[in-house]
Amino acid sequence: MSSFADRSLAQLTVVRFREFLREPEAVFWVFLFPILLAAGLGLAFRNRPAEVLKIAAVSREIVAPLRQEKLLDVQALDATAAETALRAGKVALVAEPGSGGAVVYRYDDTNPEGRTARMLADRALQRAAGRIDPVSSSDRLMSEPGSRYIDFLLPGLLGMNLMGSSIWGLAFGVVDARRKKLLKRLIATPMPRYEYLLSFLLSRLAMLVIEVSTLLGFGVLVFHVPVWGSLAGFMALCVLGSLSFSSLGLLIASRARTIEAVSGITNLVMMPMWILSGVFFSSQRFPDIIQPAIHALPLTALINALRANMLQGASLGQLWPEAAVLGAWLVVGFTLALKLFRWR
Amino acid sequence: MSESTTPAALQVRGLRKAYQDVVAVDGLDLEVRRGECFGLLGPNGAGKTTTIEICEGLTTPDSGDVEVLGMRWSTQAMALRQRLGIQLQDTQLSDKLTVFETVRLFRSFYHQGPAAAEMIDLMQLGEKRSSRVGSLSGGQKQRLALACALVGAPDLLFLDEPTTGLDPQARRQLWDVIDAFRGEGRTILLTTHYMDEAEKLCDRVAIMDHGRQIALGTPRELVASIGGEHLVEFSVGDKGRALDTETLRHIEGVSDVRLDADTGNVRMQVDELHRAVPALLNEINRQGIPLTELRTHSATLEDVFVALTGRHLRDE
Ligand SMILES: Nc1ncnc2c1ncn2[C@@H]1O[C@H](COP(=O)(O)OP(=O)(O)OP(=O)(O)O)[C@@H](O)[C@H]1O
Ligand SMILES: [Mg+2]
């Protein structure tokens, strides 16, 4: 009994790790699924260049000034052809000459493209006629890293992933062992009981490094998602989050005897957080009255803290309210779980 | 013999444990001597598992006193666990680990004991060393469970139905392994409802029924206690009520006659088969009753149980 690898805590931890890696479904859900999700959503919501709108001009004189506008594709048509094209939706707007040098725009004002085309066309004609805008303006386009949907999404996916793997990892592992009477067999040995529970946390932390670095690495390399905050602070948040979700997992597993029971409770616990905690869209969209409850959820705290770290470079000191929420769940969860825990 | 001077490996007095609606163990006394293999024999629900799990410190009794290797669960649990080897009735070890990984894990809990690989060879699982537990046969799983129980080199080994559900060959293989462990002078308490297992492995046997001990002794003593070494069973069909059993009892060497008047089945315990059977046939003939079946076999612990309770050990 000399080498470190033969100590019971090391053996228990290694066993946890092996059991996880030999479960192909678990490996898929923990490692591959979040990457697929990030890739899919990142592509679907990528920022596209502004579209060019098709319009028709009936009088020759206004074709040239309209063509000054790069975002308009102007066709010169006679009145009936223009009418048909508009009705068929082939053009968003028709510009016709009115009486006394005026211009008439025909379009469907419930169609955003029509409204946009109206503004662009009118601006082009007014400027060509010599209008000078009283306020000078310039554009700065929102496509730099840090403000795109993928930048918002990735911390959300990280938080969701940590929640899922921590809660599942603990709850499923413990209940499966209880169901098989393996827990009872283990406590019939001189194994220190705390080592059994500790081995779950240690293997979780090791897994967390892999989990977080694959998803974050993917985001950084493929989508150039920024991490403005400190990496140490980022890791500390991940560890704290993972521990508080593990304590929830242990609490769920403290009494349950069947896999059905544990999946039921786990889904019941996770579902509200998937919806409310702002994984895919900002949780600010929910009514003010439930905001305090949403902010008390551990997943909200973790995701908000991760976003603040990655996208605004917030330091750990600035994130103490979120850290406090996570810490509270951790302490309350563990205390309750250890009180309720059944070994057989 | 020095038995009376060596302290017992296990001493149980006045043990009682009730669940909501059943009394599982009802005032049980047991003494297992050092170096012996002691069997708890009894039908389903007799209270064997409850008893053994109380001795293993996994269940707390309602009342009674348990002393294991001179220690008590209340004060010396950890020291005790280091010295006990335990196999539970229905543990499933993790399917995803290999045989070696499993034994190595259990080895890591104990201060002393053979190396995992050595234990695996001893259990004749050497070829399966790197196989997943999920792929093992029933007999191999059972030997693996035994390896996990023995890997801490225990002084006292608890086995709860070690061979239930195994085929005859796998059972014999397991008996060999248990026998080898006994050879090292260690103590075993095992439960079983196979009387041949108890006869083969155990120095002494306690027969349990409804949470109580109803007989105690060596298998040989117990068989002898029911009076005859052989059993004769015959049937007279529907003539059961016409049969005069009193005259049968007076045949030389017959010690017990039981008639089930409804089925016409008769069981007799007999000392010397070669004298009793001819006499029996003569007598039946004299009474003019036709015999439909006749069987004889040597008495076993099963017959002891039937003699004591009127029921069979296994209620198939
Ligand atoms: N946890 C429990 N809760 C309620 N009743 C129980 C419990 N454990 C055992 N019993 C009851 O106690 C009685 C004795 O059970 P026990 O398991 O000790 O019997 P056994 O001799 O080991 O039987 P078997 O040969 O079937 O293993 C049974 O009637 C059983 O139903
Ligand atoms: Mg039993």
Practice item. Would you mind checking which part of A/L12 comes under 4.5 Å of any heavy atom in chain B, side chain (CB onward), backbone (N, CA, C, O), both or neither? Key: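 Interface part for A/L12: both.
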
Report, as yes or no, whether the 6.0 Å neighbourhood of atom [atom1] on [X] holds more than 12 heavy atoms from other residues, nucleotides or ligands.
| X | atom1 | value |
| --- | --- | --- |
| A/R257 | CZ | no |
| A/E23 | CD | yes |
| B/R13 | CZ | yes |

Heavy-atom distance under 4.5 Å to chain A: side chain of [X], backbone, both or neither?
| X | value |
| --- | --- |
| B/R83 | neither |
| B/A149 | both |
| B/Q89 | neither |
| B/E56 | neither |
| B/F158 | neither |

What distance do [X] atom [atom1] and [Y] atom [atom2] have between them, rounded to the nearest 0.5 Å?
| X | Y | atom1 | atom2 | value |
| --- | --- | --- | --- | --- |
| B/R81 | A/I187 | CZ | CD1 | 6.5 Å |
| A/R7 | B/F109 | CZ | CZ | 13.5 Å |
| A/L186 | B/L105 | CG | CG | 6.5 Å |
| A/R185 | B/L88 | CZ | CG | 6.0 Å |

Check your understanding: Which heavy atom of B/R104 sits nearest a heavy atom of A/D6, and at what distance?
Key ->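 Result for this residue pair: NE-OD1, 2.9 Å.
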
Review point. Looking at A/S8 and B/S108, what are the two nearest heavy atoms and their distance?
Key: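 In this case the closest contact between A/S8 and B/S108 is CA-OG, 3.3 Å.
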
Practice item. State whether B/E101 and A/R22 are salt-bridged, where the test is any N-O pair (Lys NZ or Arg NE/NH1/NH2 against Asp/Glu carboxylate O) under 4.0 Å. Key: yes

Practice item. Run the numbers on A/L182 and B/Q92 for side-chain contact (heavy atoms from CB on, under 4.5 Å), then give the verdict. Key: CA-CA 6 Å; A/L182 189 56; B/Q92 279 174 274; over 6 Å; no

Review point. Where do B/S94 and A/R18 land on the side-chain contact (heavy atoms from CB on, under 4.5 Å) test, with the steps shown first?
Key: CA-CA 11 Å; B/S94 181; A/R18 285 186 181 127; over 6 Å; no

